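Since the model is a prediction, treat every value here as computed from it, not as a measurement. For the numbers below, each heavy atom of this structure counts, side chains included, while hydrogens, waters and symmetry mates do not. Proteins get letters first, then strands, A, B, ... in listed order; numbering begins at 1 in each.
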There are 2 protein chains.
Amino acid sequence: VSGVPAGGKHILADLYGVAAGTLRDCRRLEELLRGAAFSAGARVLGSHFHSFGAEEGVTGVVLLAESHISIHTWPESGFAAADIFMCGAAHPEQALTFLIAALAPTHQRVEKAGRGLGATEPEPLTQDLSGQ
Amino acid sequence: VSGVPAGGKHILADLYGVAAGTLRDCRRLEELLRGAAFSAGARVLGSHFHSFGAEEGVTGVVLLAESHISIHTWPESGFAAADIFMCGAAHPEQALTFLIAALAPTHQRVEKAGRGLGATEPEPLTQDLSGQ
């Protein structure tokens with residue numbers, strides 16, 4: 001299973017107390033996420049962002065050769081949910097540091113999960129419901 | 001903070017033992033993820049998929065009004081890393097059930113994290129390094 005990403009890391013970051021103007025600014029968020037990818041040493045395949053309206057939030061993703069970075073924002077609450085998933089030699093923590101420096105939240109909740117090899121043992125699935 | 005997503009759920013699914021042909025098939029994976037979104041009652045904003053080559057893996061995302069579903073595949077290892085993040089009234093577990101039924105992994109590792117309100121208390125960030 002040499003191709004299973006060893007040391008794939010997935011970071012979930014809930015960021016509170018971010019300026020509403022930033023969380024509504026689709027182009028700025030796209031630049032931020034591309035910057036975060038660059039700071040992590042990841043290769044950007046493309047980025048796709050959607051604004052829900054001038055006064056509304058943004059949802060977007062940067063697809064990477066190493067996986068992805070996404071963000072979803074709720075400007076009315078100063079809240080952003082980001083996730084950073086990178087395999088290979090990229091440095092997802094650098095991307096997180098970049099995002100936090102740029103978004104300047106007052107509070108955060110960060111969870112990290114291992115993906116692929118090196119994480120906990122996967123469980124077998126019994127899909128035969130006939131009684132095996 | 002009424003706009004912070006209450007009950008936002010993020011599911012990380014590592015799927016092992018999936019048929020290589022499926023994991024190389026960009027169009028089929030895009031259809032699967034759109035189907036998973038539909039089965040969850042989510043609204044698709046757009047989908048973006050990238051094949052790394054005819055014999056290689058695929059990386060892709062479906063952006064949703066409720067957040068996103070992504071997949072990254074390693075066909076040479078029969079491995080796929082999916083994540084399903086949904087806020088609001090959508091049903092991310094339905095999307096997971098749909099994906100597992102379609103991809104038929106032999107083993108899986110699934111982690112679930114709460115996002116936004118209803119998850120654990122966020123921590124304050126001290127960004128002033130000068131000493132208060």
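- In this structure, chain A has heavy atoms under 4.5 Å from both the backbone and the side chain of B:Leu12.
- Panel note: side chain B:Thr73, backbone B:Pro75; no donor-acceptor pair is recorded below 3.5 Å.
- Looking at B:Ile71, there are no atoms closer than 4.5 Å to chain A (heavy atoms on both sides), in backbone or side chain.
- Annotation: maximal heavy-atom pairing with chain B below 4.5 Å, among A:Glu121, A:Glu111, A:His68, occurs at A:His68.
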Exercise for the section: Test A:Gln94 against A:Ser39 for side-chain hydrogen bond (donor to acceptor under 3.5 Å, both in side chains), laying out the working first. Expected result: CA-CA 6 Å; A:Gln94 298 278 35; A:Ser39 75; over 6 Å; no

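- Your options are A:Val110, A:Leu64, A:Leu63, and the one with the most heavy-atom pairs under 4.5 Å with chain B is A:Leu63.
- Remark: B:Glu93 engages B:Lys112 in a salt bridge, criterion side-chain N to carboxylate O under 4.0 Å.
- Considering every non-hydrogen atom in both A:Ser67 and B:Thr59, the closest pair reads O-OG1, 4.2 Å.
- Proximity to chain A involves both the backbone and the side chain of B:His48, based on heavy atoms less than 4.5 angstrom apart.
- Proximity to chain A is limited to the backbone of B:Ala13, based on heavy atoms less than 4.5 angstrom apart.
- Under 4.0 Å is where a charged nitrogen must lie from a carboxylate oxygen, and between A:Glu56 and A:Arg24 no such pair does.
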